Structure formats: structure tokens, C-alpha cells
Amino acid sequence: MIDIKLINKPISVPIRYNAYYKLVLLLAIIEHCAMSKQASLQLIHFVFWGLRSEYNYKVVYDFSKKIRETLPPWSFEEGIDKILILSYINQYCKKVLVKNIDTLEIEITENGEKVIAEIKKLELFKEDFDKIKALSKIARSRLDKANQQWIIF
């Protein structure tokens, strides 16, 4: 009889796919890019798209600094639903319904602000934070207007 043994080997996962890393980026995006520490899902996806490559970042940066008014087609961030669930479970963020425009936004909580402050104090993720901070606030109305200019044909 043959004796078969299976051994699980750890697999290295790049940090950019780690859920807690993305959670930290989410908190930084809401703190630095959103108005009143409330971000629309569209803004969150847009900034995450900008962090994927240098070309994307340049587009987002130029848009945030009003160097450009239009945007190329951009894509949603995969797995953001899991990151949002983590943020709700850990009470780093909460959902807020903005009644005057009838949309759902994500707001950073006091716990989330404490996490960001501690990470900054320890100087972790400094390069990522600097990139996000450089974008500054991006108005929802500008992003909506730019996305309405897409033409399929």
C-alpha cells in the first residue's frame, strides 16, 4: 500500500494583494482624498485604480490638480467589497447615506483615524501615504462630470 502525505507549503502573496494593506490604503484615501472624510465608492475605486501603475497615478494626479478635465476609461478595484467588510467589522469605517443626493458613502470613524495616526507615527507605508496625500481632495462633482464624458462610439 502506498502512503501519501500532503504538506501545505506557505505561498508568498505580494503585499499589494493583502487585505489589511488595502484596508490601510482605503483609510488613507478617505482621510486625504475625500471631502469631510466621506468618500463615494466611485472615488475609492478611482484612487485605487490610480495606485495600480505610474501611468494611472499620473492621470489621477493631473485630474486632482485640475491639469486635466477628462479621464480615460478606468476600472474598479477587485475585492473592495472584502476590504469594506473588514473596515466595518473592525469599526474603522461606517456607511453613510447622503440624503440630498441619495448616495451611499463610506466615512472613516474615530477608530479608523486612530489606526491612520498610529501608522503615520510608526512611519509605515510612507511611500503609499505620500502618493495618496499628494492627490489631495477630489470633489465628487468633478469626478461625476469627467465620467459622464465617456463615449462608446
Side-chain angles (χ1 to χ4, degrees), residues 6-64 71-150 152:
L6 299 175
I7 300 171
N8 288 334
K9 292 186 177 182
I11 298 173
S12 170
V13 177
I15 192 162
R16 68 179 295 171
Y17 300 115
N18 182 293
Y20 285 101
Y21 170 73
K22 284 187 172 188
L23 176 59
V24 169
L25 292 182
L26 170 71
L27 296 174
I29 288 167
I30 295 171
E31 182 174 280
H32 295 292
C33 299
M35 303 292 186
S36 303
K37 301 201 185 205
Q38 290 182 350
S40 66
L41 290 174
Q42 183 178 29
L43 175 66
I44 292 168
H45 282 290
F46 179 60
V47 176
F48 267 112
W49 174 80
L51 296 173
R52 285 187 197 166
S53 71
E54 287 304 313
Y55 170 79
N56 293 0
Y57 182 77
K58 177 80 170 124
V59 168
V60 175
Y61 182 83
D62 288 350
F63 182 76
S64 74
L71 295 171
W74 54 272
S75 60
F76 292 146
E77 179 69 13
E78 270 188 59
I80 203 71
D81 54 335
K82 294 173 187 165
I83 308 312
L84 289 171
I85 290 168
L86 273 176
S87 73
Y88 302 146
I89 289 171
N90 291 299
Q91 299 178 345
Y92 298 146
C93 293
K94 64 181 180 179
K95 295 178 262 186
V96 176
L97 182 62
V98 181
K99 293 183 181 183
N100 60 341
I101 56 173
D102 201 30
T103 62
L104 180 72
E105 293 202 346
I106 312 305
E107 180 179 341
I108 192 169
T109 64
E110 191 176 314
N111 289 342
E113 289 176 345
K114 286 178 186 175
V115 168
I116 292 292
E118 189 65 27
I119 289 171
K120 286 180 180 177
K121 188 169 79 174
L122 296 171
E123 296 185 1
L124 302 172
F125 308 113
K126 187 164 176 27
E127 185 179 321
D128 296 311
F129 275 44
D130 288 346
K131 285 178 91 170
I132 292 169
K133 194 173 183 179
L135 296 175
S136 65
K137 307 290 184 198
I138 300 173
R140 178 190 317 107
S141 58
R142 285 194 69 236
L143 189 54
D144 288 346
K145 183 180 177 186
N147 286 329
Q148 288 174 355
Q149 295 176 8
W150 289 358
I152 294 176

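Computation of the quantities below employed the complete heavy-atom set of this structure, encompassing side-chain atoms and omitting hydrogens, waters and symmetry-equivalent molecules. If you're wondering where the values come from, they're calculated on a predicted model, not measured in any experiment.
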For [X] and [Y], which heavy atoms make the closest approach, and how far apart are they?
| X | Y | result |
| --- | --- | --- |
| Q38 | E105 | CB-OE1, 3.2 Å |
| W74 | Q42 | CH2-O, 3.6 Å |
| A134 | Y61 | O-CE1, 3.7 Å |
| C33 | I132 | SG-O, 3.7 Å |
| W49 | P73 | CZ2-O, 4.4 Å |
| V24 | I116 | O-CD1, 4.0 Å |

Please tell me if the side chains of L135 and F63 come closer than 4.5 Å, counting only heavy atoms from C-beta onward. no
Given salt bridge (charged side-chain N to carboxylate O under 4.0 Å, His left out), test K114 with E110 step by step and report yes or no. CA-CA 6 Å; K114 286 178 186 175; E110 191 176 314; 3.7 Å; yes
State whether the side chain of [X] and the backbone N or O of [Y] hold a donor-acceptor pair below 3.5 Å, judged by distance alone.
| X | Y | answer |
| --- | --- | --- |
| N18 | Y20 | yes |
| S64 | I138 | no |
| T109 | Y92 | yes |

Apply salt bridge (charged side-chain N to carboxylate O under 4.0 Å, His left out) to the pair K133 and E31, showing each step before the final yes or no. CA-CA 9 Å; K133 194 173 183 179; E31 182 174 280; over 6 Å; no
Nearest 0.5 angstrom please: F48 CZ to K22 NZ, how far? 6.5 Å
Distance under 6.0 Å and angle within 45° of the ring axis: does K95 meet both against Y88? yes
If the plane angle is over 60° it's perpendicular, under 30° parallel, otherwise tilted; pick one for F129 and H32. perpendicular
Using the rule given for side-chain contact (heavy atoms from CB on, under 4.5 Å), can you reason through Y21 versus D128, listing the C-alpha separation, both sets of side-chain angles and the distance that settles it, and then say yes or no? CA-CA 10 Å; Y21 170 73; D128 296 311; 2.9 Å; yes
Might you work through the side-chain contact (heavy atoms from CB on, under 4.5 Å) test for V96 and I106, ending with a clear yes or no? CA-CA 6 Å; V96 176; I106 312 305; over 6 Å; no
